[in-house]
Amino acid sequence: QTFEKLLIANRGEIACRVIKTCRKMGIKTVAIHSDVDANAVHVKMADEAVCVGPAPTSKSYLNMDAIMEVIKKTRAQAVSLNESICCSLSSLFLQASEGVTFIGPDTHAIQAMGDKIESKLLAKNAKVNTIPGFDGVVKDADEAVRIAREIGYPVMIKASAGGGGKGMRIAWDDEETREGFRFSSQEAASSFGDDRLLIEKFIDNPRHIEIQVCGVLADKHGNALWLNERECSIQRRNQKVVEEAPSTFLDPETRRAMGEQAVALAKAVKYSSAGTVEFLVDSSKNFYFLEMNTRLQVEHPVTECITGLDLVQEMIRVAKGYPLRHKQADIPINGWAVECRVYAEDPYKSFGLPSVGKLSQYQEPLHVPSVRVDSGIQQGSDISIYYDPMISKLITYGSNRAEALKRMEEALDNYVIRGVAHNISLLREVIIHPRFVQGDISTKFLPEIYPDGFKGHKLTDPERRELLATAASLYVAEQLRSQRFLGTQRIPIAKSKRSTWELSVRLGNGIYPVAVSKDGSSFSVEVDGMKLNVTSEWNLASPLLSVTIDGTQRTIQRLSRNASGDTSIQFLGTVYKLQILTKVAAELSKYMPEKAAEDTSSILRSPMPGAVVAVSVKPGDTVSEGQEICVIEAMKMQNSMIAAKTGKV
């Protein structure tokens with residue numbers, strides 16, 4: 001017996017995750033939502049739903065008065081305030097919600113661990129290894145520069161109440177410190193309602209490994225467990241992209257030392273719920289306390305996979321006052337789990353600039369064995385500028401790391417997302433990269449592997465031939481389909497005897513002659529003087545197409561095509577643009593005039609939708625190349641827009 005009714009003051013995949021566990025436990029749920037989230041999945045899943053305000057989080061999901069009113073109106077006995085959108089609300093809520101149980105730790109733990117400055121001091125007192133830095137609040141940009149010089153560059157500037165990579169900047173000199181102070185304080189105020197900042201030494205090239213109190217799980221009876229580690233080193237803009245459990249790097253001794261320090265910190269603040277203690281680990285396996293998150297984190301599913309625990313269920317039981325059902329010796333590491341965060345982002349722009357729009361087609365790869373998808377969206381959902389652009393958490397499990405990664409590769413190939421840009425191509429390239437496969441990773445993995453930015457999968461010659469052969473076969477299959485008459489007795493006057501096609505396929509800067517001949521349900525395709533056999537069911541209406549090329553199975557997606565022969569195909573995770581023409585059409589195409597590219601050097605165009613939060617110039621001003629023109633905020637991240645050349649506004 002726990003609670004009859006629980007209010008979920010959250011949105012997205014975490015809200016859906018909590019609702020699923022509540023259903024399993026027989027608990028009725030109440031969802032809150034903003035006006036733009038009226039048709040969100042978590043709203044449809046809950047037993048009751050109440051609108052608490054307009055889109056901005058400060059006026060809805062962080063609107064304490066509105067949430068308190070909903071609690072009274074619905075007579076909810078407990079409330080779940082997990083994830084970063086509710087971090088700043090939790091302690092305030094606890095002070096005003098007498099008689100209602102909070103699914104999480106108590107006020108003292110939230111305030112102590114939610115404040116990075118106080119948490120660092122507590123960690124020191126609990127004899128937890130900490131990063132060198134300034135333990136007070138930084139007042140202004142001048143003080144930030146002075147402190148940074150004393151610590152020694154590089155430094156990390158971050159929000160005291162922050163999380164999720166928001167309000168964080170790395171500074172390598174005085175100028176970057178001033179700019180970092182400005183943007184971090186603005187992002188912190190926008191995301192958490194608290195613009196206080198701290199500065200600490202930036203540990204270059206570390207691993208980011210966290211211990212699950214979701215690294216620690218503690219109850220109200222003085223018991224605390226550490227549930228092994230999660231490796232979270234693959235990041236962009238200080239936000240995690242790929243996580244796995246366990247880590248390839250830790251030995252049993254280091255794992256135990258980190259776990260024991262995490263538990264020591266949890267006990268020091270009388271922690272009683274699931275939470276996460278995050279560490280930075282250097283190449284010599286020295287580890288330093290980074291922060292403690294007093295909530296269920298995005299990456300918790302990988303811990304559930306290798307331990308067999310339902311962390312949401314454990315949190316609800318602990319909140320009701322039940323003791324933990326497990327001892328430390330009962331916590332196993334069974335197999336390996338990998339999680340990819342699927343975002344509505346363009347990975348070709350700074351490893352992921354947000355994309356907004358409606359999901360016109362959406363199909364999760366749940367038919368792939370040992371796959372779990374935690375999402376808060378469905379086909380027809382809108383990805384808006386107001387919230388984090390996460391589409392889902394894609395988790396695969398295997399008896400070992402190689403098996404989990406192979407299943408992830410298959411799951412990514414079978415994931416259908418249309419209507420917005422997404423980062424599937426980047427995720428797939430990361431998990432198959434030799435360095436990642438070997439476990440040779442750090443938080444600088446992405447900039448080191450892609451110093452000039454992510455460009456997509458680079459095709460080998462055999463892969464290029466596979467793509468050309470598949471594209472040509474698709475073209476011929478469609479030509480043949482268009483000649484068929486279904487549902488009629490109509491008989492063609494002359495039966496077509498054609499069995500060969502000579503095509504010209506453009507891919508990138510290359511134009512390739514391709515010859516296709518039909519052999520039953522297969523095609524024999526000649527590319528570069530080599531023959532390939534291409535077989536498929538050729539169900540052109542399906543978003544996924546399984547193709548076998550000389551015995552190698554590939555899952556592809558044809559995203560678009562037009563009458564000019566242009567087609568887009570997702571192959572090995574990356575979308576390739578091709579033009580397929582008959583030999584005659586290709587010879588005539590050279591007479592077609594090409595459209596001149598637009599000169600955009602005199603135009604400042606935002607690379608993503610967002611809100612203009614600052615304009616630094618006015619009409620008539622002369623600006624130099626690289627000068628800031630304005631600041632755009634999207635998904636709680638601020639981006640400085642600069643002039644591409646010297647000129648007059």
Side-chain angles (χ1 to χ4, degrees), residues 345-353 355 409 412-413 417-418 421-430 432-434 446 449-479 501-516 523 525-532 534 536 545 547 549-550 552 554-600 607:
E345 291 180 339
D346 183 350
Y348 301 97
K349 297 177 180 176
S350 303
F351 298 114
L353 284 184
S355 170
E409 189 179 336
L412 290 168
D413 284 341
I417 303 170
R418 312 276 171 86
H422 56 75
N423 65 335
I424 294 283
S425 56
L426 174 63
L427 296 171
R428 195 183 189 282
E429 285 302 291
V430 167
I432 66 170
H433 195 279
L446 290 179
I449 299 300
Y450 308 108
D452 300 320
F454 179 66
K455 308 294 183 186
H457 181 71
K458 188 176 181 181
L459 293 169
T460 62
D461 284 341
E463 289 170 347
R464 175 180 55 81
R465 286 191 287 269
E466 285 184 17
L467 176 58
L468 292 171
T470 302
S473 299
L474 264 172
Y475 174 85
V476 173
E478 188 156 50
Q479 294 297 308
W501 292 260
E502 289 189 351
L503 306 174
S504 174
V505 183
R506 181 194 296 271
L507 173 62
N509 296 321
I511 299 176
Y512 305 92
V514 179
V516 183
F523 293 104
V525 186
E526 186 174 334
V527 185
D528 295 346
M530 300 178 67
K531 285 199 171 182
L532 294 86
V534 184
S536 175
L545 197 62
V547 180
I549 309 148
D550 282 351
T552 302
R554 303 287 192 194
T555 300
I556 68 163
Q557 300 182 40
R558 185 172 64 170
L559 306 181
S560 65
R561 69 188 189 284
N562 63 26
S564 301
D566 298 321
T567 185
S568 296
I569 294 176
Q570 185 173 310
F571 177 73
L572 301 176
T574 294
V575 177
Y576 296 94
K577 294 182 178 179
L578 306 96
Q579 186 182 48
I580 307 169
L581 301 172
T582 62
K583 188 177 178 181
V584 173
E587 289 170 355
L588 294 173
S589 67
K590 62 187 177 186
Y591 298 108
M592 296 292 289
E594 289 191 13
K595 184 179 178 181
E598 178 188 7
D599 177 15
T600 58

Residue pairs fulfilling salt bridge (charged side-chain N to carboxylate O under 4.0 Å, His left out) with at least one residue in residues 554-571, sequence neighbours excluded: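 For residues 554-571: E466-R554, E478-R558, E478-R561.
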Report yes if the side chains of [X] and [Y] come closer than 4.5 Å at any heavy-atom pair, otherwise no.
X: E345; Y: H422; answer: no
X: I432; Y: E409; answer: yes
X: F351; Y: N423; answer: no
X: T470; Y: L545; answer: no
X: S355; Y: D346; answer: no

Any residue meeting ring-ring contact (aromatic ring centres under 6.0 Å, His included) with Y348, in chain and number order, not counting sequence neighbours: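 Once residues adjacent in sequence are excluded, the partners of Y348 under the ring-ring contact (aromatic ring centres under 6.0 Å, His included) criterion are F454.
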Results of ring-ring contact (aromatic ring centres under 6.0 Å, His included) for F571 - residues two or more places apart only: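 With sequence neighbours excluded, F571 shows a ring-ring contact (aromatic ring centres under 6.0 Å, His included) to no residue whatsoever.
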Donor + acceptor pair across side chains of S425, T574 (<3.5 Å):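 There is no such pair between these side chains.
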As an exercise, state the distance from [atom1] of [X] to [atom2] of [Y], rounded to the nearest 0.5 Å.
X: L474; Y: I556; atom1: CG; atom2: CD1; answer: 4.5 Å
X: Q557; Y: R418; atom1: CD; atom2: CZ; answer: 5.0 Å
X: I417; Y: L559; atom1: CD1; atom2: CG; answer: 11.0 Å
X: L572; Y: K458; atom1: CG; atom2: NZ; answer: 15.0 Å
X: E526; Y: L468; atom1: CD; atom2: CG; answer: 13.0 Å
X: I580; Y: Y475; atom1: CD1; atom2: OH; answer: 8.0 Å

Check: L353 main-chain N/O paired with S350 side-chain donor or acceptor under 3.5 Å: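 No.
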Main-chain N/O of S560 paired with S568 side-chain donor or acceptor, under 3.5 Å: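 No; judged by distance alone, with no hydrogens or angles, the pair does not exist.
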Which side-chain N or O atoms in residues 582-597 pair as donor and acceptor under 3.5 Å with protein atoms at least two apart or in another chain?
unit_1 : atom_1 : unit_2 : atom_2 : d
T582   : OG1    : A585   : N      : 3.2
S589   : OG     : A586   : O      : 2.7

Which atom of [X] lies closest to which atom of [Y], heavy atoms considered:
X: G565; Y: L581; value: CA-CD2, 4.4 Å
X: P347; Y: L426; value: CB-CB, 3.8 Å
X: D413; Y: G573; value: OD1-N, 3.8 Å

Mutual orientation of the aromatic rings belonging to W501 and F523 [parallel < 30°, tilted 30-60°, perpendicular > 60°]: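 The arrangement is perpendicular - the two ring planes meet at more than 60°.
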Show me the donor-acceptor pairs within less than 3.5 Å that the side chains of residues 502-514 make with the rest of the protein, sequence neighbours left out.
none

Residues that E429 engages under salt bridge (charged side-chain N to carboxylate O under 4.0 Å, His left out), provided they are two or more places apart: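 Partners of E429 under the salt bridge (charged side-chain N to carboxylate O under 4.0 Å, His left out) test: none.
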Residues D528 and R464 bridged, charged N to O under 4.0 Å: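 A salt bridge links D528 with R464.
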L578/I569 under side chain to side chain contact (heavy atoms under 4.5 Å, CB included): CA gap, chis, key distance, verdict: CA-CA 8 Å; L578 306 96; I569 294 176; 4.2 Å; yes
